[in-house]
Amino acid sequence: MRLSRYFLPILKETPKEAEIVSHRLMLRAGMIRQQSAGIYSWLPLGLKVLRKIERIVEEEQARAGAIQLLMPTIQSADLWRESGRYDAYGKEMLRITDRHEREMLYGPTNEEMITEIFRSYVRSYKDLPLNLYHIQWKFRDEVRPRFGIMRGREFLMKDAYSFDLDKERAVEAYNRMFVAYLRTYKRMGLTAIPMRAETGPIGGDLSHEFIVLADTGESEVYCHADYLGKETPGEDVDFNGDLTPIVSDWTSLYAATEDIVDKAEFEASVPEDKRIVARGIEVGQTFYFGTKYSEPLGAKVATSDGTEVAVHMGSYGVGVSRLLGALIEANHDENGIIWPKSVAPFHVGLVNLKPGDDLTDSVSEDLYGKLESAGIEVLYDDTDTRAGAKFATMDLIGLPFQVVAGPRGLKDGLLEVKDRATGEKEMLSPEATLNKLTAALTG
RNA sequence: CGGGGCAUAGCGCAGCCUGGUAGCGCAUCUGGUUUGGGACCAGAGGGUCGCAAGUUCGAAUCUUGCUGCCCCGACCA
């Protein structure tokens, strides 16, 4: 993409309302624009990252056997009356009346709707296990939206729903999502620690919140330091096999949020030098809630002996839009964002320091073409602005690599290649640059 | 939902107390000089001062109501 033809509205100054670093940087880097309290437009650069996160989530959901579909944002109140949650959900639910005076709502979650779909089609235990998910915008009318995208009212969530014959198999489904989550966050360069959690209004008796440690996190968490170095299951993990050992390993050490922490137990089970008390951002939550929805909504299947039983369910959420904020909180410096390669909006920022100069133009254009051909996403700064402004912009938007084509280096046939994360710079020939970036960014 | 604050050009702000028809920096546009870490000079454009009533000869400024937004706390992917 040529910067001269892109839409990247960078801000030099920080809008006053942005209190935390991720919000500030997202506004400055032209990723989002607030339209109303807790409601944002996604500008091109922000949308690109959002899509990359979605793709990782989709790949890991598929690996774990979940099937993607798409449910609407607007739901009928009737469905929620069946589960009893229409009145129970309270003011957080945005209620809407259509032209026929029908009561509708903007979905804050989809347990009812997915259960309705399930009960309409699935009749036999032979069709189980089943795990259906979608990635869709949710709306929760928070009393106090804040922190930019981290606590918006409208947010993008991946929510998966598992259906199984009994509790034992439902826990196996739970474990598959648990392991998928470990992998999902790891692929984005985040260490998310699963912590025992309350189930809240969704209900149930088994639940974990996946927490990323960050100073600006909203809740206080207590956990064992060894979680930070724990090995994440690899691509070869067998989702058809027994995942209990992995889940046990990842739940064996103490980890709890402030809501349910037992400080005596924390201190008894964690040696003093291993105790972490920190702030954390919740980026996902898993629930097993048995027949809480399948009973009232009549989601039943026939068993092998012909009797009908309500299915055991679980639900599994990932805050996709919130993850952007969490990623920036975890990866930035005083100059801007530092994107992990897996979610970076572009891989490389190619800076032509002197557009109009035959040498910088020809070398830049040539490298731009070759990088794109190699499948590397390049933001090519071909604009006629000053060097300092170009560097500042590149640091701000945080692409993993910057390549600078300027008269000074090209006099000797060399480009400057900068690693955004380490700040290391090296002078390389165009060919060596291409080889280095191809090696670092593909395969 | 309790407490506090703000609303004046795209962004950041001054002006308000003590009413006289709006200003600064950045950004934008034009010309020129510059050009390896957010340049300089000259000129230009851009505002029904959040909305609505009221007081007044006259309201950004005083009064009342409304709306929007932000911050602190209790709640949530």
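Bear in mind that the values here come from a model prediction, so they are computed numbers and not experimental data.
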**OP:** Report the C-alpha distance between A:Glu424 and A:Lys418 in whole Å, list the side-chain angles of each, state the deciding distance to 0.1 Å, and finish with yes or no for salt bridge (charged side-chain N to carboxylate O under 4.0 Å, His left out).
**Re:** CA-CA 6 Å; A:Glu424 284 170 20; A:Lys418 174 175 159 185; over 6 Å; no

Original post:
Rounded to the Å, how far apart are A:Lys91 NZ and B:A74 C1'?
Top reply: 15 Å

**OP:** Ignoring the backbone of A:Lys12, work out which of B:A74, B:A77, B:C26 is nearest its side chain.
**Re:** B:C26

Subject >> Out of B:G38, B:G37, B:C69, whichever nucleotide has its closest atom nearest the side chain of A:Phe391 >> reply: B:G37

Original post:
Is A:Arg176 positioned over the aromatic face of A:Phe239, cation under 6.0 angstrom from the ring centre and no more than 45 degrees off axis?
Top reply: no

Original post:
If you check the A:Glu142 side chain, which of B:C75, B:A74, B:G36 turns out closest?
Top reply: B:C75

Original post:
If only side-chain N and O atoms of A:Arg386 are considered, is one of them under 4.0 Å from the OP1 or OP2 phosphate oxygen of B:U34?
Top reply: no

Original post:
Looking at A:Thr360, A:Asp384, A:Asp381, A:Thr383, which hits side-chain hydrogen bond (donor to acceptor under 3.5 Å, both in side chains) with A:Asn352?
Top reply: A:Thr360

Original post:
Which nucleotide in the set B:C75, B:A74, B:G37 lies at the smallest distance from any side-chain heavy atom of A:Glu92?
Top reply: B:C75

Subject >> Proximal nucleotide (of B:C1, B:G36, B:G37) relative to the A:Arg408 side chain >> reply: B:G36

Original post:
Which is true for A:Ser36 with a 4.0 Å heavy-atom rule: it touches a base, it touches only sugar-phosphate, or it touches nothing?
Top reply: sugar-phosphate

Subject >> A:Glu13 (side chain) and B:G10 (base): donor-acceptor pair under 3.5 Å >> reply: no

Original post:
For the side chain of A:Arg28, counting heavy atoms from C-beta on, which of B:A77, B:G38, B:C69 is nearest?
Top reply: B:G38

Original post:
A:Asn335 CG to B:G37 P: how many Å, rounded?
Top reply: 14 Å

**OP:** Please state whether the phosphate of B:G36, meaning OP1 or OP2, lies under 4.0 angstrom from any side-chain nitrogen or oxygen of A:Lys354.
**Re:** no

Original post:
Is A:Gln34 touching bases, backbone alone, or none of the nucleic acid, heavy atoms closer than 4.0 Å?
Top reply: sugar-phosphate

Original post:
Which part of the nucleic acid, if any, lies within contact of A:Lys425, taking any heavy atom under 4.0 Å across all strands shown: a base, the sugar-phosphate backbone alone, or nothing?
Top reply: base

**OP:** Taking only Lys NZ, Arg NE, NH1 and NH2, and the carboxylate oxygens of Asp or Glu, determine whether A:Asp259 and A:Arg196 approach each other closer than 4.0 Å.
**Re:** no

Original post:
Of all the choices, B:G38, B:A74, B:A77, which nucleotide is nearest to the side chain of A:Glu282 once you look at every atom?
Top reply: B:A77

Original post:
From B:A74, B:U34, B:G38, pick the nucleotide closest to the side chain of A:Arg146?
Top reply: B:A74

Original post:
Starting at the 5' end of RNA chain B and moving along, which residue's nearest nucleotide shows up first, A:Gln35 or A:Val143?
Top reply: A:Gln35

Subject >> Steps toward salt bridge (charged side-chain N to carboxylate O under 4.0 Å, His left out) verdict (A:Lys370, A:Glu365) >> reply: CA-CA 9 Å; A:Lys370 285 177 176 162; A:Glu365 294 285 340; over 6 Å; no

